[in-house]
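Here the structure is laid out as structure tokens; the discussion comes afterwards.
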Amino acid sequence: ETGVTQSPTHLIKTRGQQVTLRCSSQSGHNTVSWYQQALGQGPQFIFQYYREEENGRGNFPPRFSGLQFPNYSSELNVNALELDDSALYLCASSFRAGVTYEQYFGPGTRLTVT
Amino acid sequence: QKEVEQDPGPLSVPEGAIVSLNCTYSNSAFQYFMWYRQYSRKGPELLMYTYSSGNKEDGRFTAQVDKSSKYISLFIRDSQPSDSATYLCAMDSTASKLTFGTGTRLQVTL
């Protein structure tokens with residue numbers, strides 16, 4: 001059984017650019033959630049995807065968007081990058097929506113915006 | 001006021017000590033309570049989750065929930081240097097998202 005994987009591991013972007021982060025969910029899991037973790041803070045919920053539909057969104061602007069594919073992998077897209085977007089972006093999967101108590105996290109993508 | 005409050009530490013203890021980590025919360029709708037461990041530059045790893053008030057034990061770890069006081073704890077017995085990490089409490093009310101504390105950094109010294 002493979003765990004949650006994310007790519008890339010880290011990247012550096014310039015303010016105003018766009019970025020796409022990728023996540024492959026754990027085998028058998030159909031729900032993916034994305035979180036942003038700023039340095040020294042706990043993760044903050046961005047949104048969740050269940051069966052290719054958005055299933056809940058946190059307090060993030062529309063320039064944060066996502067997709068889920070038929071194989072349950074997912075992308076997080078961020079447009080018009082700002083300096084405050086620098087953070088560790090975490091993807092978590094669970095075997096169905098509503099089972100947040102068994103969410104398993106990937107290693108994260110560290111994004112630096114300069 | 002944050003929904004979940006957690007002392008960021010750092011907390012330094014000698015090997016073999018009992019560690020107590022705590023969170024308080026304000027949202028009465030929280031139903032599930034989780035503890036995650038996060039090593040530096042890694043993703044959070046689920047340690048335990050509880051639903052009701054009371055204690056739940058798993059090896060050296062005990063999770064405690066007091067819903068009447070809106071207070072949860074994680075106890076680590078016989079702490080080891082490998083337990084050195086940041087411990088995050090997390091809570092769920094909407095069944096779609098987790099609300100995390102800021103994390104407590106723990107250092108177990110030899």
Side-chain angles (χ1 to χ4, degrees), chain A residues 3-7 9-10 21 23-26 29-51 53-60 66 87-112, chain B residues 1-11 21-27 29-52 56 58 63 65 72 74 85-106:
Chain A
V4 179
T5 60
Q6 293 186 245
S7 62
T9 303
H10 53 266
L21 311 180
C23 169
S24 290
S25 59
Q26 187 164 314
H29 288 187
N30 60 20
T31 302
V32 172
S33 301
W34 286 92
Y35 292 81
Q36 179 196 65
Q37 187 176 23
L39 198 61
Q41 300 296 316
Q44 295 230 325
F45 175 75
I46 303 175
F47 43 56
Q48 182 184 84
Y49 278 84
Y50 170 61
R51 291 186 175 179
E53 297 285 333
E54 189 178 287
N55 182 48
R57 188 179 182 93
N59 190 25
F60 281 81
L88 181 68
Y89 287 85
L90 296 161
C91 162
S93 73
S94 53
F95 69 90
R96 59 181 169 86
V99 187
T100 54
Y101 52 85
E102 285 192 303
Q103 280 191 357
Y104 295 93
F105 284 81
T109 293
R110 186 163 298 279
L111 172 64
T112 301
Chain B
Q1 182 190 9
K2 290 184 178 180
E3 281 189 291
V4 180
E5 299 279 359
Q6 185 175 11
D7 188 334
L11 177 63
L21 303 165
N22 311 294
C23 288
T24 59
Y25 62 95
S26 57
N27 187 346
F30 287 139
Q31 300 179 60
Y32 290 93
F33 305 88
M34 284 133 279
W35 286 96
Y36 284 84
R37 177 174 62 196
Q38 186 174 27
Y39 292 111
S40 181
R41 299 190 171 271
K42 302 291 186 184
E45 170 194 8
L46 179 65
L47 286 175
M48 298 179 70
Y49 71 86
T50 56
Y51 173 70
S52 57
K56 181 176 180 179
D58 184 1
V65 174
I72 70 169
L74 178 70
T86 295
Y87 289 80
L88 296 155
C89 63
M91 306 182 187
D92 167 37
S93 62
T94 65
S96 68
K97 71 168 189 176
L98 294 178
T99 302
F100 283 86
T102 55
T104 299
R105 192 154 54 95
L106 171 67

*Not counting sequence neighbours, which residues clear ring-ring contact (aromatic ring centres under 6.0 Å, His included) with B:Phe30? List them please.*
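With sequence neighbours excluded, B:Phe30 shows a ring-ring contact (aromatic ring centres under 6.0 Å, His included) to B:Tyr25, given in chain and number order.
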
*Sort out for me which of B:Thr102, B:Val4, B:Thr50 touches chain A most, counting heavy-atom pairs under 4.5 Å.*
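Answer, by heavy-atom pair count under 4.5 Å with chain A: B:Thr102.
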
Between [X] and chain B, with a heavy-atom cut-off of 4.5 Å, which part of the residue counts as in contact: side chain, backbone, both or neither?
X        : value
A:Arg110 : side chain
A:Phe47  : neither
A:Gln44  : neither

*Top of A:Gly108, A:Cys91, A:Pro43 for chain B proximity - count of heavy-atom pairs under 4.5 angstrom*: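 So the answer, after comparing A:Gly108, A:Cys91, A:Pro43, is A:Pro43.
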
_chain A contact via B:Pro44 - which portion, at a heavy-atom distance below 4.5 Å_ =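 It is both, since atoms from each part get that close.
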
Hey, does the side chain of [X] reach the backbone of [Y] with a donor-acceptor pair shorter than 3.5 angstrom?
X       : Y       : answer
B:Gln6  : B:Tyr87 : yes
A:Gln6  : A:Cys23 : no
A:Ser93 : A:Gln26 : yes

*What salt bridge (charged side-chain N to carboxylate O under 4.0 Å, His left out) pairs are there with at least one residue in residues 35-50 of chain B, not counting sequence neighbours?*
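Salt bridge (charged side-chain N to carboxylate O under 4.0 Å, His left out) check on residues 35-50 of chain B returns B:Arg37-B:Glu45.
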
